[in-house]
Amino acid sequence: MARKGEVLLSMKGINKIYEMEENSLHVLHDVDFEVREGEFVSILGPSGSGKSTLMNIIGCLDVATSGTYILNGKDISKLKDKELSKVRNKDIGFVFQQFQLLPRMSVIDNVVLPLIYARVSGKERKARAMVLLNKVGLGDKVANRPKQLSGGQQQRVAIARAMVTDPSILLADEPTGALDQATGMQIMELFKQLNDEGKTIIMITHDSKLAKHAKRIVHILDGRMYSEQEYNEIFDEEGVKWEDKPTLKERRRRRLSND
Amino acid sequence: MIKDIIRMSFQNLKTNKIRTFLTTLGIIIGIASIIALITIGQGVTSSVIEQLSGLGGNRVTVSITNTQSIRGFTDSNLKEFLELDNVEGISPSLRSYKPVTLVPGETNSLYNYVYTSSASVMGVNNYYFSLFADGNLKAGRAINDDDVAFSAHVCVLGESVWKNLYGNYNPIGETIRIQNMDFVIIGILNNLVGLETRGNYSVIVPYTVAMTDLQMGLVTTFDAIVSDSESMNITVSQMSDLCADIVGSTQGYAVQNQQEVMDIVVSITDLILGMLAGIAAIALLVGGIGIMNMMLVSVSERTTEIGLRKALGAKPSVIMLQFLVEAVIISILGGILGVALGITIAYVASLLIGYKFTFQMTTVLLAVGFSAAVGLIFGILPARKASRLNPIDALRAQ
């Protein structure tokens with residue numbers, strides 16, 4: 001595993017094109033993206049920007065049409081279905097907006113699921129799951145069904161599940177989207193704590209306020225990726241290009257001159 | 001891991017108890033009908049075989065097949081057969097419908113009016129009882145050598161006849177009038193099962209009386225008991241020669257070793273059983289389709305779950321295994337319950353029909369194995385479908 005500060009994830013020239021019957025849909029354009037060990041990065045973009053597609057590629061649920069993707073030293077673009085399963089199991093910890101817990105299973109059974117697929121023995125599974133459930137503050141709820149927990153608690157279970165294989169990256173897709181403000185903040189605090197302990201986190205969101213909890217923000221718009229600096233130079237607060245909106249440009253200029 | 005998959009499969013099946021049970025029902029019915037048919041068939045066949053080989057020795061059935069050249073064997077003809085080497089005894093049989101009357105009076109205490117009915121009258125000797133009704137008397141005694149030798153006017157009632165005439169009353173010692181002659185009732189038969197059930201509906205008298213006083217004609221068929229099975233072939237050919245002498249032709253009679261009859265019976269019952277089992281197998285096929293249907297529904301219902309499992313690192317083969325295991329669990333469950341139901345049906349049937357109930361462990365294992373195979377075969381398609389789901393599409397389907 002890479003040490004803190006070393007490049008963990010590296011994407012170069014990633015394109016994703018969906019071939020439809022008549023036309024093709026170019027969702028990602030030449031995306032270059034790098035994440036170092038121990039970072040907490042937000043990928044910020046409105047719906048339809050291509051951020052979900054990017055997340056799927058980062059999470060090895062999908063493969064790019066072209067470009068290279070190196071994760072933890074492995075060239076993902078060359079892997080087969082079976083090997084991608086292994087990468088998802090060992091290197092990625094998913095946190096979803098809708099928690100995605102299996103309702104029929106107890107909390108602890110949900111958390112050990114990735115370890116079953118990693119063929120970890122029953123005893124060790126339970127021990128590792130307990131450590132994480134205690135960490136997220138749910139050590140006393142292991143036998144409950146997900147439906148018996150609040151939304152925030154369910155998301156904590158999902159985070160414990162994502163962390164249980166000790167993945168290289170925690171990949172969170174709108175992790176607070178189904179939660180109220182206060183609970184959402186608690187989840188963000190948990191992320192910060194995990195990041196402080198060294199976990200690399202990538203969070204996908206459309207909410208600029210939420211994105212600010214990360215140490216670094218990258219923007220994605222119409223399938224192109226921009227750094228925070230690039231974005232501010234090109235777009236206004238609403239994601240509209242300066243050149244295209246002269247009146248807005250005027251207003252901003254005026255505001256700047258007023259300051 | 002397979003242990004975990006089995007545990008998860010049970011969890012899934014438990015959450016949809018009614019659906020699981022209904023799906024299982026298809027297999028239960030299929031397996032139960034196969035097991036019941038095979039077990040009943042085996043029971044009946046073994047009962048028949050047991051009766052055919054009843055005395056332990058071998059039997060030869062001799063019959064006149066063409067009554068135009070000769071009307072039957074006379075009593076002296078029968079004695080000639082009896083004198084052959086190795087022939088231990090012969091069991092002739094004559095039958096005819098005759099009026100049977102109960103006349104009120106000293107000899108008939110049950111009725112105070114004349115009661116006439118028509119019944120099958122059967123003329124036999126003591127061998128009939130040892131062959132077909134050994135130890136099967138409800139009351140009284142069987143017809144013996146003396147009854148035959150002295151043409152005694154005695155009779156044994158078959159169970160149905162007895163019930164028709166007397167209900168549950170014990171009529172031993174009372175008199176019954178056949179045609180216009182009085183006969184003393186000396187015994188009552190139990191219900192006979194297997195090959196010879198005609199006795200149940202007959203008034204059984206010594207064959208000598210049937211031939212003479214009751215004018216029931218000559219014996220057209222009889223069983224001979226051969227004491228030495230080693231010399232069976234010699235005895236059969238001696239009998240054939242004797243028949244040819246009596247009939248005066250080489251045709252119009254049949255001498256059949258009972259072993260041949262037994263072989264024919266077995267092959268016929270096997271054929272019928274095979275056909276019935278084939279029909280029952282169709283029920284099993286329908287059950288298998290039911291499993292496939294349910295599993296396909298399950299796959300589309302659990303699309304999100306499948307997507308999640310894939311995201312968490314489940315290989316396609318693991319997803320496939322999970323759905324296969326569920327299908328096989330359903331079918332094995334159905335197989336076990338089906339075997340239990342089938343055996344119960346066969347057991348109840350054995351009590352009702354009266355054959356000997358037996359079942360073989362191999363049948364049970366075969367049935368359970370067969371049902372597992374059905375689950376496996378019909379589970380493949382849904383399991384493949386599940387394993388090939390694209391995790392992104394699967395996660396998006398909510």
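Proteins get letters first, then strands, A, B, ... in listed order; numbering begins at 1 in each.
Between B:Asp4 and A:Val112, every side-chain heavy-atom pair lies at or beyond the 4.5 Å cut-off. Within the 4.5 Å cutoff, the side chain of A:Leu102 has no heavy atoms near those of the B:Gln11 side chain.
Judged as a salt bridge (Lys or Arg N to Asp or Glu O under 4.0 Å), the pairs with a partner in residues 99-116 of chain A (not counting sequence neighbours) are, in order, A:Arg104-B:Glu305, A:Asp109-B:Arg7.
From B:Lys310, atom NZ reaches atom OH of A:Tyr117 across 11.0 Å, with rounding to the nearest 0.5 Å. Taken from OG in A:Ser52 to CG in B:Leu395, the straight-line distance is 11.5 Å, to the nearest 0.5 Å.
Nearest approach of A:Ser85 to B:Lys315, heavy atoms of both residues: OG-CA, 3.6 Å. Across all non-hydrogen atoms, the minimal contact from B:Gly313 to A:Asn89 is CA-CB, 3.6 Å.
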Ignoring hydrogens and angles, write down the donor-acceptor pairs under 3.5 Å from the side chains of residues 375-391 of chain B, residues two or more places apart or on other chains.
residue: B:Ser387; atom: OG; partner: B:Arg384; partner atom: O; Å: 2.9
residue: B:Asn390; atom: OD1; partner: B:Ile392; partner atom: N; Å: 3.1

Listed pairs under 3.5 Å, donor-acceptor, residues 323-340 of chain B side chains, sequence neighbours left out:
residue: B:Glu326; atom: OE1; partner: B:Arg302; partner atom: NH1; Å: 3.1
residue: B:Glu326; atom: OE2; partner: B:Asn12; partner atom: ND2; Å: 2.9
residue: B:Glu326; atom: OE2; partner: B:Arg302; partner atom: NH2; Å: 3.0
residue: B:Ser331; atom: OG; partner: B:Ala327; partner atom: O; Å: 3.3
residue: B:Ser331; atom: OG; partner: B:Val328; partner atom: O; Å: 2.9
residue: B:Ser331; atom: OG; partner: B:Ser371; partner atom: O; Å: 3.0

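Of the atoms belonging to A:Asn56, it is side-chain heavy atoms, and not backbone ones, that fall under 4.5 Å from chain B.
Heavy atoms of other residues, nucleotides or ligands lying less than 6.0 angstrom from CG of A:Asp222 number 12 at most. Atom OH of B:Tyr347 has 12 or fewer heavy atoms from other residues, nucleotides or ligands within 6.0 Å. Within a 6.0 Å sphere centred on NZ of A:Lys126, other residues, nucleotides and ligands contribute 12 heavy atoms or fewer.
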Which is it for B:Val318 and A:Ile116 under the side-chain contact (heavy atoms from CB on, under 4.5 Å) test, yes or no, and what are the steps along the way? CA-CA 11 Å; B:Val318 171; A:Ile116 291 178; over 6 Å; no
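Scanning residues 13-21 of chain B against chain A with a 4.5 Å heavy-atom cutoff picks out B:Thr15, ordered by number.
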